[in-house]
Amino acid sequence: NGSVGSMGLSTLASVRPNFKLSAADVGGFVSDPAEELVAPSEAFRQRALVASRAQYDEMYKRSVEDPDGFWGDIASTFFWKKKWPTTEGKLYSENIDVRTGRVAVEWFKGGQTNICYNALDRHVEAGFGDKVAFFWEGNDTGVDATLTYKEVLERVCQLANYLRSQGVKKGDAVAIYMPMLAELPIAMLACARIGAVHSVVFAGFSAESLSQRILDCKPNIILTSSAVKRAAKVIKLKDIVDDALKTAAENGHSVGLCLTYDNNSALKREDTAWQEGRDVWWQDVVPSHSKECEVEWVDAEDTLFLLYTSGSTGKPKGVLHTTGGYMVYAATTFKYAFNYHEDDVYWCTADCGWITGHSYLTYGPLLNGASMVVFEGVPNYPDAGRCWEIVDKYNVTIFYTAPTAIRSLMRSGDEPVKRHSRKSLRVLGSVGEPINPSAWKWYYEVVGDKRCPIVDTWWQTETGGFMITPLPGAWCLKPGSATLPFFGIQPAVVDENGHAQTGECSGYLCIKAAWPGMMRTLQGDHDRYETTYFAPFKGYYFSGDGCRRDKDGFYWLTGRVDDVINVSGHRIGTAEVESALVSHPQCAEAAVVGFDHEVKGQGIFAFVTLLEFVEYSDELRTALVNAVRSQIGAFAAPDVIHWAPGLPKTRSGKIMRRILRKIASNQLDELGDISTLADTSVVDQLISLRGK
Ligand code: WT7
């Protein structure tokens, strides 16, 4: 079976770093010699799935010139109950140009498959049932569990049977609000097995946010856990769910069943709030179900999941992914970007509540038959050495995390890293925001001992999988660049007028043609899908990111160009934070911008205008921050509340965020032209209130 990989490869011998190479060594580079190029070692290259730039170029060329052949060959290595029909050799159809009709993308339509079957049954049937799927590592040291592929399959089947017994059918939405127990990916897979649509909500979102998502996708059942211990703190998840269900019911949607996993190490059963008739303990009902469960075969274009993400305006968007294209894309990107081999042990520190946890903690690795660590805790608990302790404990070979975690660990110095061996590590990944060159180098030199390529993966909830990423072993890296597009991805750097530029340039990052893993619509709002992603630059998918392309054709992501802030890799819409702030009865108006933050990447800076006669106070400041915590979640809490008697507005009443961004980052000599403001004195007023 092609995607399970080949057996019996020897583990990597120690490899010598080769930090600076001449341009001739690396093939195709026209870089100036002063630029840092980090070359793959010879040993790494020998085990690389794509071992040279030439090999990539050839594969890439085929992927864009003959997508049907390229993706068809890969898709054929998966199990299809019914193969996709081809009309004149085509296995996909697309219109991403709003000028030529509705945006519509389909891959493998008419083919029937099941992603859970491909992720689990296929490997068990191929004789890999005893291979470890999950090394589960608890929040507290010494608390762990191991689950083989066969065991995961059995648990998935039991839960799937239970869900079916409760009337969950193909196409029904199931909400999941769970901590990082192995039961979280198991719950996702159980939904997929019976064709239900999972909608995972990160268990750090507030009750208000959860209820909003429930009201949008209207599940009849929610899966949760009594509580979770995160670092030293117990969080009562069930209380949050109870609040959310109450709010949802008041607003017209009642969830009839709340299946609750008893996480008794965090909270005792008898201390968990309970509503008889609606709430059911997972352990009381699921284990009695059969360990076999018939698969629901679904169309490649049937919905697999919804995942809500923030936009620059309005309420969160329910990004909708379908089955076939997503499956093929998540698995293929995982395999090539991490240079996956069967003897790897993979660890992604993300939570299943985000897209990374869907594509690269659940589906991508399992589709490849990988063994992986599922970690309940946080990188710096009980201390800054926890990650490397876990790496050594499980002999992790591929480690995937976010720049914010790297920067925060970097602040604790090298000792907590060096006290652990880390000799198993082979590939280090990064995701969520641009990784600054200094964090890149620390990751490379200290964590990876100059031995492991840094795979900086640029992608989005909407793209389903990696878009721009190194293929380690195939070409040199430059610290801070996500390098080159993945197979089938045609980036375009577009200027204000929508023209794709050539050569070295900067502009708006767009994509020229459909790819298998892209979202198909926004739940219940296809118009918003078109206006947000396809209308801004006609003929392209617009990412919302800015980027630069250098003379080697490498891409350097420069961050969002819309009103979205990236805090510790979490995407937060300024509009959402503003609406949470103005929900406070004493807040008249709010304007939120991002500012550079040493650890989080971006911090949240909120300018707040109070109602007349309300006095500034520290209590009020705390109350405003708490309003955001309870409306969105703790991770969206503003770092700074800046009192603003007035906001800089144009004569037509539009807030000039450009000016606010400069004030927030203290670049007061770069305010630019303020003459178009209705009242220029507000700027001086704001400046005088800095730090007050
Ligand atoms: C936004 C997408 C993709 C999973 C995690 C976040 C930023 C993500 C990178 C990277 C520069 C990055 C972009 C993007 N981003 N990865 N490697 N380099 N920027 O998913 O919540 O959908 O956020 O995260 O700004 O648009 P998301």
Side-chain angles (χ1 to χ4, degrees), residues 200-202 204-205 305-312 316-321 329-330 333-334 337 348-364 400-407 428-437 439-440 443 454-470 477-486 489 491 508-511 517-519 522 532-533 536 541-548 554-574 576 594 600-602 632-633 635-636:
V200 182
V201 178
F202 170 58
F205 274 109
F305 67 84
L306 294 172
L307 186 60
Y308 288 84
T309 190
S310 295
S312 50
K317 306 176 278 200
V319 169
L320 186 149
H321 283 285
Y329 199 70
T333 46
F334 173 84
C348 166
T349 65
D351 189 289
C352 285
W354 309 106
I355 189 69
T356 309
H358 284 60
S359 301
Y360 301 109
L361 201 139
T362 307
Y363 294 116
Y400 188 37
T401 195
T404 184
I406 299 164
R407 286 191 299 264
L428 298 173
S430 172
V431 61
E433 54 171 312
I435 175 165
N436 45 310
W440 196 106
Y443 201 23
I454 307 294
V455 180
D456 175 10
T457 59
W458 175 80
W459 61 298
Q460 311 177 290
T461 305
E462 293 88 340
T463 69
F466 304 152
M467 300 293 281
I468 300 182
T469 174
L477 307 172
K478 299 183 190 183
S481 169
T483 77
L484 297 170
F486 192 73
I489 303 305
Y508 301 98
L509 179 56
C510 293
I511 310 293
M518 74 187 286
M519 65 174 163
L522 294 177
T532 310
Y533 301 103
Y541 164 82
F542 173 46
S543 66
D545 280 344
C547 87
R548 177 168 76 81
F554 274 34
Y555 292 85
W556 300 75
L557 278 300
T558 51
R560 302 288 306 192
V561 294
D562 53 8
D563 291 320
V564 168
I565 317 184
N566 191 325
V567 180
S568 302
H570 299 155
R571 200 160 133 181
I572 297 164
T574 51
E576 285 170 75
K600 300 183 191 176
Q602 278 190 301
I632 305 176
F635 63 89

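Both counts, for ligands and for their atoms, begin at 1 and track the order of listing. Everything numeric here is computed off the predicted structure, so don't read it as measured data.
A donor and an acceptor atom, one from each side chain of Thr401 and Tyr443, are nowhere located under 3.5 Å apart.
Heavy atoms of Asn566 found under 4.0 angstrom from ligand 1 belong exclusively to the side chain. Contacts with ligand 1 closer than 4.0 Å are made by side-chain heavy atoms of Ile355 only, the backbone lying farther away. Looking at Glu433 against ligand 1, only its backbone comes within 4.0 Å, counting heavy atoms.
For Trp459 and Tyr329, the gap between ring centers reaches or exceeds 6.0 Å. Taking the six-membered ring for Trp and the full ring otherwise, the centers of Phe205 and Trp354 sit less than 6.0 Å from each other. Between Phe334 and Tyr363, the gap from one ring centroid to the other reaches at least 6.0 Å.
The main-chain N or O of Asp563 is found under 3.5 Å from a side-chain atom of Thr574 such that the two form a donor-acceptor pair. When atom types are taken as modelled, the side chain of Ser359 and the backbone of Gly464 share a donor-acceptor pair closer than 3.5 angstrom. Between the side chain of Thr463 and the backbone N or O of Met518 there is no donor-acceptor pair closer than 3.5 Å.
Interface of Val431 with ligand 1, defined as ligand atoms under 4.0 Å from a residue heavy atom, comprises 3 (C), 4 (C), 5 (C). Below 4.0 Å from some heavy atom of Leu557 lie the following atoms of ligand 1, by number and element: 11 (C).
Ranking protein heavy atoms by distance to atom 13 (C) of ligand 1, first place goes to Asp545 OD2, 2.9 Å. The shortest contact between atom 5 (C) of ligand 1 and any protein heavy atom is with Thr356 OG1, 3.6 Å. When only non-hydrogen protein atoms are considered, atom 11 (C) of ligand 1 lies nearest to Pro434 N, 3.0 Å. Of all protein heavy atoms, the one closest to atom 22 (O) of ligand 1 is Thr461 OG1, 2.5 Å. The protein atom (non-hydrogen) at minimum distance from atom 7 (C) of ligand 1 is Gly432 O, 3.3 Å. Scanning the protein for heavy atoms near atom 3 (C) of ligand 1, the closest one is Trp459 O, 3.2 Å.
One distance of note links CG of Leu484 with CZ of Phe554; it measures 4.5 Å at 0.5 Å rounding.
The distance criterion of under 3.5 Å between nitrogen or oxygen atoms is not met by Gly559 with respect to ligand 1. Where the criterion is an N or O separation shorter than 3.5 Å, residue side chain and backbone included, Ser430 fails it with respect to ligand 1.
In this structure, Trp354 does not count as a contact residue of ligand 1, since none of its heavy atoms falls inside 4.0 Å of the ligand. For Ala482, the closest heavy-atom approach to ligand 1 does not fall below 4.0 Å.
Within the 4.5 Å cutoff, the side chain of Asp545 has no heavy atoms near those of the Val561 side chain. Side chains of Thr457 and Thr356 form no contact here, defined as non-hydrogen atoms less than 4.5 Å apart. Counting heavy atoms from C-beta on, the side chains of Tyr360 and Tyr400 come closer than 4.5 Å.
Taking all heavy atoms of Arg571, Met467, Gln460 into account, the minimum distance to atom 23 (O) of ligand 1 is reached by Arg571. When His358, His570, Glu462, Arg560 are ranked by how near their heavy atoms come to atom 1 (C) of ligand 1, first place goes to Arg560.
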